[in-house]
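The block underneath contains the structure these notes are about, expressed in structure tokens.
Values in this document were obtained by computation on a predicted structure and should not be read as measured data. Below, read A as the first sequence line, B as the second, and so on, with proteins coming before strands; counting in each chain starts at 1.
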Amino acid sequence: MQLYQEQKLKVTNSLTGKKEEFKPIKEGYVGMYVCGPTVYSNVHLGNCRTFMSFDMIFRYLKHLGYKVRYVRNITDAGHLENDADDGEDKIAKKAKLEQLEPMEVVQRYTVDFHETLQKFNLLAPSIEPTATGHIIEQIEIIKEILKKGYAYEVNGSVYFDVVTFNKSNDYGKLSGRKLEDMIANTRELTAQNDKKNPQDFALWKKAEPQHIMRWPSPWGDGFPGWHLECTAMSTKYLGETFDIHGGGMDLKFPHHECEIAQAEACNGESPVNYWLHANMLTLNGKKMSKSTGNNIYPSEMFSGDNHILSKPFAPSVVRFFMLQAHYTSILDLSDEALIASEKGYQKLMDALKIVEDLPVSTTSDFDWSSWKQSCYDAMNDDFNTPVLIAQLFEAVKQINSLKEEKSKISEEDKSLVVDTLHNFVFDVLGLQAQQNANNAQTETLEGIMSLLIDIRNNARANKDFATSDKIRDELTALGIQLNDGKDGTSFSIK
RNA sequence: GGCAUCGUGGCCGAGUGGCUAGGCACAGCUCUGCAAAAGCUUGUACAGCGGUUCGAAUCCGCUCGAUGCCUCCA
């Protein structure tokens, strides 16, 4: 019996705008595709939030016992700068600026991307395919769409014919747009265009002679359009119809809308059962933007080398902070909010450290079984991590009360609590305990600390408070906090 | 200009018709040699205006504001 058979998961489906019970196509298996980064610059914090949200979803699905194939692509072919220019793509442009080969840029920022996500403790996806590795598959899809009559070729480029597609299908169903409205509200762009209609989008773009990234195709040398790689790779690895497609809210239109159109044009069926969209991250109430300076990179947060925050924040703290908000809500990042999260995170971790040493009784004063179910209820309700965390703090409260011997817990309940906390905190939320130094150093530190605590307690017994306070205050200054409890003194590193 | 989402106590952030969210901060108490840590107690908050309802933060309308998309974007 797998957990998913007893825990009923509901997810917010962007396609219907409703919370729906999650039922995979094949019982026990989940196929999930998430739009990955374009690797032409350092990954930014908003990106991290999106990928972290889907990491949490991936982790919970696995925890429920599903066998998950999680595909997250790397966009390394470069998207068009815009429709009006001569087709120079982002990666090629950056390469010229920095005097690098395009694939050198790709490599550099792919490495940065992986390193940053590792710091945030994201699991690697099952497959991480690249756009440049799937040019052939993309060309095959274009051929098929052309054959079905939903695309046309002009001057070595191929465009998707949105108007024709809309006659038999519903273009705009994901983002709640109507093609007629879009046509009515089209901005007049002066640039000349091969497209029959401004709403049409490129499947294949002809490469100008100076364009570096180029591949041969039936329509001449060129490169694939912006939306095609996701259709090609999701179809290849997950099938024509799969369970979950995720990405940032900003990709809903046009990117995901176009993916639906391409897949429906090519395969005749809707590609995805559940569309999940993660919401944006703002900084001090405003959107992050490099041009206004309202922006911060993950590495700058970790090092404290920035003008926005008062101190450095550990990746785990930032992860905890982000999971305190629901993934479908806009989250605002600020110094105050991070400091509050840091303290809460510390409190949670402290409780996790002491839980295993709690004394046991024959009975419990608290209904731990229903507490455990309430943790699942939170996650089953569209991955409601803030409510889960509230439940975890309920446990923290109980644990601290048990430590003070103000309440009782049975042996059986204690192992339930330990297991459940570990499952949710480490496996599902993906939080990490404070990185301790290596074991030898830890032992040395513990030896020194027990000596100091001993000396201090002797001084206290002799009412030599000058000595005891000196020890305490100077340790505090070093970031070591002494905790005087009923059964002696312990220490924690802040 | 169009489309969409949202506006919750000092701060962050759940909740979506009647029943405690939670974290941080603040105050009081317990503990302590004094603290810290921990525990306990305390907050009539739901942008504004109007409507529906026995009852609305929660539904509807309008106003104001924010964010996202409409152009590459997580």
key: Pair A:Lys372 + A:Asp377, salt bridge at N-O below 4.0 Å   = no
key: Nucleotide pairing, RNA chain B (Watson-Crick or G-U, distances under 3.5 Å), in dot-bracket with [ ] and |   = (((((((..(((.....[...)))..((((.......)))).....(((((..]....))))))))))))....
Which whole number of Å gives the distance between the [atom1] atom of [N] and that of [M]?
N     : M     : atom1 : value
B:G13 : B:A21 : C1'   : 10 Å
B:G18 : B:U53 : C1'   : 12 Å
B:C6  : B:C12 : C1'   : 16 Å
B:C19 : B:C73 : P     : 45 Å
B:G39 : B:G23 : P     : 9 Å

ask   = Is there a side-chain polar atom (N or O) of A:Lys286 under 4.0 Å from OP1 or OP2 of B:A66?
value = no
message = Using OP1 and OP2 only, check whether a side-chain N or O of A:Lys397 sits under 4.0 Å from B:C40.
response = yes
Anything under 3.5 Å between a protein N or O and an N or O of nucleotides 56-65 of chain B, put it in a table, one pair a line.
none

Integer-rounded Å distance: [N] [atom2] and [X] [atom1]:
X        : N     : atom1 : atom2 : value
A:Leu174 : B:G68 : CG    : C1'   : 14 Å
A:Ile74  : B:C73 : CD1   : C1'   : 15 Å
A:Asn483 : B:C31 : CG    : C1'   : 14 Å
A:Phe201 : B:C72 : CZ    : P     : 12 Å
A:Asp473 : B:A37 : CG    : P     : 14 Å

Nucleotides 4-15 of chain B: protein proximity per nucleotide (B base, S sugar-phosphate only, - neither; heavy atom, under 4.0 Å) = -------SSSSS
Is any side-chain N or O of [X] under 3.5 Å from a base N or O of [N], one able to act as donor and the other as acceptor?
X        : N     : answer
A:Arg472 : B:A36 : no
A:Asp484 : B:A35 : yes
A:Asn462 : B:G33 : no

task = Go through the steps for A:Phe424 and A:Tyr376 under the test ring pair (Phe, Tyr, Trp, His ring centres under 6.0 Å), then give the verdict.
result = CA-CA 9 Å; A:Phe424 281 106; A:Tyr376 280 101; 4.9 Å; yes
request  = Decide whether a cation-pi geometry holds between A:Lys343 and A:Tyr345; the criteria are a distance under 6.0 Å from NZ or CZ to the six-membered ring centre and an angle within 45° of the ring axis.
outcome  = no
Determine the contact category for [X]: base if any of its heavy atoms lies under 4.0 Å from a base atom, sugar-phosphate if only primed atoms, P, OP1 or OP2 are that close, otherwise nothing.
X        : value
A:Leu482 : base
A:Gly46  : base
A:Asn400 : sugar-phosphate
A:Phe253 : sugar-phosphate
A:Lys463 : nothing
A:His277 : nothing
A:Gly36  : sugar-phosphate

key: Qualifying residues under side chain to side chain contact (heavy atoms under 4.5 Å, CB included), relative to A:Met322, sequence neighbours excluded   = A:Leu45, A:Arg49, A:Met52, A:Leu281, A:Val318, A:Leu331
For the residue pair [Y] / [X], report whether a side-chain donor-acceptor contact shorter than 3.5 Å exists.
X        : Y        : value
A:His256 : A:His227 : no
A:Gln324 : A:Ser341 : yes
A:Thr467 : A:Asp464 : yes
A:Thr282 : A:Asn284 : no

For the student: nearest non-hydrogen atoms of [X] and [Y], plus distance:
X        : Y        : value
A:Leu352 : A:Phe426 : CD1-CZ, 4.0 Å
A:Ile308 : A:Leu283 : CD1-CD2, 3.8 Å
A:Asn166 : A:Tyr171 : ND2-N, 2.9 Å

[X] side chain, from C-beta outward: closest of [options]:
X        : options             : result
A:Ala390 : B:A35, B:C69, B:G22 : B:G22
A:Lys287 : B:A74, B:G33, B:C69 : B:C69
A:Lys347 : B:C24, B:A74, B:C34 : B:C24
A:Arg177 : B:U67, B:C3, B:C72  : B:C3

request  = Write out all pairs satisfying salt bridge (charged side-chain N to carboxylate O under 4.0 Å, His left out) with one or both partners inside residues 382-396 of chain A, taking only residues at least two apart or from two chains.
outcome  = none
query = Do any of residues 119-126 of chain A sit with a heavy atom less than 4.0 Å from RNA chain B, and if so which?
reply = none
inquiry  = Quick check: A:Phe201 with A:Tyr159 (ring centres under 6.0 Å apart)?
reply    = no
A:Phe51 ring over B:A74 six-membered base ring, under 5.5 Å and 30° = no
